[in-house]
Structures are given as C-alpha cells and as structure tokens.
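The structure under discussion appears below in the form of structure tokens.
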Amino acid sequence: MLASTVLLLSACGPGGGPVAQVSFSATTDPATSAKDSLTWLLAKEPTVLDPDTDASTADDTVLANVCERIMQIHPDLSLSPGLATEAKWVDDTHLVLTLEESAHFHDGSPITAEDVLYSLERHAAEGAGESDEYTNVVAMTITSDHEITIETSQPDAILLQALGGDAGIVWNRAVIDEYGDQYGLPGTTDACSGPYEIAEWQAGSSLRLEKAEDYWNPERAALSDSITFRWAEDSAVVNSLRAGEADGSYLDSASSAVPLLGNDDLRVTQGPATNAWVIIPSARGAGTDARIRRALSLALERDGIDAAAFGGLAQPGRAPVGSGSWGYERDAFAQAVDKLGGVPATPSDDDLATARELVAEAKADGVTTSLTVASSGDVTRNVIANGVLSAAESIGLSPTIRTIPASQYGDFYGDEELRDQADLWIDEYYISKTDPLGFYKNGTSDASVNYAGFSDPEYDALISQAYAATDDSERARLTIDLQRRWNQAMVWIPVVETPSTLVTGSFVTGAPASAAFLYYPWAADLGTREGDRS
C-alpha cells in the first residue's frame with residue numbers, strides 16, 4: 001500500500017504561512033453510511049462511453065463505475081483478477097483467463113466466454129482505441145466454457161496490466177449490436193456489468209447513474225443509490241464546490257484546489273498518478289527536429305509553469321510519465337529520473353546557451369525557426385503555451401500560438417488534418433499501467449502516437465526485450481535505457497508531473513485519491529462519514 005503523508009502547500013494566508021495541509025494518500029477514509037444521491041462535477045461532458053472509439057478523462061471517470069474489466073486496478077494502483085477469477089501464464093506465450101461463472105450484465109444475461117472473446121477482439125481491432133495493447137497478441141480462443149487463452153508472439157510482461165484498463169472491458173455484444181455506431185452516445189444504454197448502470201444522459205446537461213439492480217457481486221455493490229454528473233469549466237467547478245452544490249470532483253487541474261484550501265466544508269486530497277503534461281510534436285515543421293525539441297526543453301521554465309498553471313501543486317517534469325507508474329523497482333526508477341539531463345526546473349545560463357547552439361545548428365541545416373504551438377484556450381494550456389512561446393523566443397525561434405476549439409482539441413490524436421495546423425500541441429497524458437514500459441512503447445517506429453517519426457532500431461529492439469522480461473529488475477533496467485533514449489531524442493517534451501487531486505464535501509468519503517478513479521468503481525465506495533446522514 002502507498003503510505004499516507006501530508007504535504008504543506010504554498011498557498012498562503014494574510015500572515016504569509018501555509019493555510020492548509022493536504023493529505024497525499026491512495027484513498028480516503030471508508031464511508032460509514034450511504035448517501036441517497038450524489039452529485040459529482042466533471043471538467044467536461046463525456047464524449048462517448050466507448051473507449052474503443054474514444055477515451056477522455058471524463059469518459060473514463062464515468063465508465064469506471066459502469067463497466068468491469070478482466071483485471072481490476074485498485075486505489076493503491078495494485079492489480080488483481082476482476083471478471084477473471086484467475087489469469088495465469090502457463091508458458092512464456094500462453095495466458096489462460098478463467099472467467100467468473102456468476103457474473104452477468106445489467107440486462108441479466110450471463111457473461112459468457114463468447115462475450116469475453118468478442119470484447120477482446122473488439123479492443124484489438126485495427127483502429128480501435130485500445131488496439132496498441134494487443135501488439136504481441138497473435139491468437140485468442142475459447143478453450144472451455146469459462147476459459148479464454150491468449151497466445152502472444154513473445155512473453156508480454158504488461159499485458160495483464162492492460163487488461164485492467166480500458167483494453168480489458170467486457171462488453172455485452174447484444175447491446176452493442178443493437179445500437180451499432182450510436183453505442184456509447186446519449187440515448188443508449190450500457191453494455192456492461194458494474195455496480196452502477198446508465199440511467200439517463202441529457203446531452204449538454206447531466207448524466208445520471210443508478211445502483212445496478214441485482215448486481216452479481218453483492219460484496220462490491222454500490223453504497224449510494226445514484227450519482228449525477230454535471231460539468232463545467234474549472235472556475236465554475238470551484239464555485240459550485242464552494243457553494244456546496246456538489247459532493248465532490250476529481251479536479252482537471254491541481255491549481256483549482258488552491259482557492260479551496262482552508263475551507264472547513266471541503267477536503268482536498270492528492271494521490272499517486274501516472275499523469276504528466278507534455279508537449280507533443282506533429283509530423284510538420286520545426287518540431288520534427290530533435291535539436292529543436294531538446295532546445296525547447298532546455299529553455300522551458302517548468303517551475304514558473306507549475307506556479308502559474310498549477311498553483312505549485314504539481315512538480316517540474318523530468319520524464320513524460322508520472323511516478324505513479326513505478327509499480328516496482330521504485331528506487332531504480334527514481335534514481336534514473338534524477339539523472340536525466342536537458343529538463344531543468346529553471347534554465348541556467350549554460351542551459352540557454354546550449355539551446356541557442358542547437359537552434360543555430362538546426363537552422364544551418366535548413367530547419368525552419370518558425371514554430372506554431374496549439375492551445376485549446378483553457379487556462380492550463382494557455383500558461384504552458386505562453387511558457388513555450390517565451391522559451392522559444394529566448395533561443396532564437398519565431399513562435400506563434402494557434403487556438404483550437406476545446407471541442408476539437410482531443411481529436412489531435414486521430415485527425416491528421418488537425419495535426420497539420422500546428423508543429424506542437426500540449427496535453428496531459430496518462431497510462432493505466434503501473435509500469436513505465438507501458439508509456440515508452442509510444443516511441444517505437446510504428447507507434448500510432450509517434451507523429452514526429454522518431455526512429456531508432458535499437459529502441460524498437462529494446463521494447464521487444466523489455467516486454468519479454470518477466471523479471472522485474474531486468475525489465476526496469478531495460479525500461480530505464482528506453483527512458484534515457486527517449487530523453488536524448490526528446491520525443492515528447494515533459495513539462496510537469498501532476499498528482500491526482502480529489503475534492504469532497506467534508507462529510508463525503510470513501511473515494512480513492514489516486515488516479516485509479518479512471519478504472520476502479522470509485523463511486524460505489526462513496527458515502528458519508530460518522531456524524532452526517534444526509
């Protein structure tokens with residue numbers, strides 16, 4: 001388990017001292033009683049409740065309570081069997097999943113091996129959002145009434161972790177077939193088996209979940225009868241929490257917690273996460289040149305961005321994935337990150353001089369010095385975009401910021417025409433696994449998100465070796481080498497690492513504070529603490 005600690009935050013009162021202490025913990029205290037109905041705030045409306053199509057943070061925050069997975073991620077980011085009662089590698093390339101025989105979907109139909117196979121094949125299909133998790137899978141077959149065997153081309157040390165994320169959701173095929181391309185949109189029911197089910201989605205207004213009737217696993221049944229999700233921009237979320245109009249929120253930006261500190265009616269808790277804000281290059285312009293990317297990283301004022309965009313509640317990022325991914329060999333990963341170069345919290349004169357030399361070298365080779373940085377116009381991305389603007393100008397580049405509507409911004413990952421409008425864009429990226437290897441696979445020459453075309457045959461070979469390394473120390477050694485190579489090429493530029501930030505009403509408790517809320521049925525644990533029965 002991850003130990004609970006207390007962080008002194010830099011938000012100050014009139015006397016200049018800290019105004020509050022914030023706990024850092026995997027979870028909050030258990031609830032002692034139910035709350036008839038809950039109201040929860042999201043930073044955005046969900047787009048579609050189908051991660052094979054798309055998976056935003058808002059989507060996963062809701063879906064985690066509705067859909068169950070082959071494996072289960074827990075608040076401390078550990079992993080155990082979920083809809084599989086056992087998951088066992090019988091040899092280096094064959095994973096046998098023994099399925100829970102008593103599980104059934106919300107419509108009452110049993111979860112069969114056929115449903116599980118359909119779900120895995122749907123996740124693995126070309127173009128599906130989770131298909132990259134199945135890179136090493138060569139066959140999936142039903143080997144008994146309640147058993148699936150997955151065959152891989154080589155040992156795969158993180159496949160089980162992927163099955164605890166969206167790549168492991170088990171779908172009710174009959175429901176998805178009924179709705180076709182409309183599945184997951186407002187007006188459709190869910191095709192899942194979790195402790196809550198979708199009751200009503202009023203597009204543009206609210207989404208309500210109700211406690212699933214006859215849920216198959218009474219030990220994990222929801223405590224409270226319903227939870228209604230509403231959404232608003234950060235400032236409106238903060239105001240609603242202050243006014244007591246909601247029971248809680250997983251904040252989109254840690255900085256939103258600052259004005260809530262010291263409020264006796266609210267509790268702020270931070271927890272481990274894999275999240276990191278990064279600058280991602282497209283396939284055009286100066287961002288495709290590693291020297292330009294390294295120069296920008298050297299010139300970036302990460303401490304200033306942390307203060308301005310996150311209220312000092314994040315920390316300067318040295319790696320492109322958060323330390324919540326260190327589920328093993330933590331000391332080795334921590335030491336390796338500390339040794340990474342080219343990612344200063346505050347650039348020194350030497351850093352800036354080196355950056356200018358890199359830009360001059362690239363310019364001499366014909367690389368353009370103009371640079372277009374995309375932002376969605378929200379506060380966090382604007383602060384980071386202006387930080388990039390300042391860094392770029394200080395080292396001889398000619399940057400501009402292009403604002404892309406927030407409703408389109410998430411399409412950068414799948415829309416080549418949109419990516420062609422900018423050299424770099426800014427986003428928060430996270431993985432479902434507690435293994436950094438699950439991130440560094442993004443640097444292979446054929447990775448779907450390797451837009452700038454980074455290509456290193458040795459890197460590709462190391463990915464294959466690391467996936468095959470079932471010994472933790474060996475896999476950590478290989479992954480640390482991948483991290484070093486990624487950093488040298490600055491495939492993506494790390495900005496800040498962000499913990500998960502949970503705000504609840506003072507009597508509301510039970511939810512995890514870690515990033516597990518994206519995959520764990522957190523709302524089922526929500527209720528009230530002793531002294532409140534409302």
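Residue numbers start at 1 and run along the sequence shown.
- Taking the six-membered ring for Trp, Y459 and F454 have ring centres closer than 6.0 Å.
- Centroid-to-centroid, the aromatic rings of W425 and F412 come within less than 6.0 Å.
- Between Y430 and F439, the distance separating the two ring centers is not shorter than 6.0 angstrom.
- Between the side chain of T28 and the backbone N or O of A511, at least one donor-acceptor pair lies under 3.5 Å.
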- Stepwise side chain to side chain contact (heavy atoms under 4.5 Å, CB included) test for Y520 and N65: CA-CA 7 Å; Y520 172 83; N65 303 291; over 6 Å; no
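- Of the residues V48, D54, D50, the one that meets the side-chain contact (heavy atoms from CB on, under 4.5 Å) test with D52 is D50.
- You'll find the ring centres of Y451 and W492 outside the 6.0 Å limit.
- Closest approach of I73 and S432 over heavy atoms only: CD1-O, 3.2 Å.
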- Message: Could you go through R381 and D427, starting from their C-alpha distance and side-chain angles, then the distance that decides it, and tell me whether this counts as salt bridge (Lys or Arg N to Asp or Glu O under 4.0 Å)?
- Response: CA-CA 8 Å; R381 287 190 179 87; D427 207 9; 2.6 Å; yes
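- With Y328 as the aromatic partner, R475 meets the cation-pi criteria of under 6.0 angstrom to the ring centre and within 45 degrees of the ring axis.
- Ionic pairing of E361 and R356 is not present here: no N-O contact between side-chain nitrogen and carboxylate oxygen is shorter than 4.0 angstrom.
- Between the side chains of S445 and D460, at least one donor N or O lies within less than 3.5 Å of an accepting N or O.
- Heavy-atom contacts from other residues, nucleotides or ligands closer than 6.0 Å to CG of D338 number more than 12.
- For Y429 and W277, the ring centers sit 6.0 Å or farther from each other.
- Among V449, I463, V491, the one residue that satisfies the side-chain contact (heavy atoms from CB on, under 4.5 Å) test with N442 is V449.
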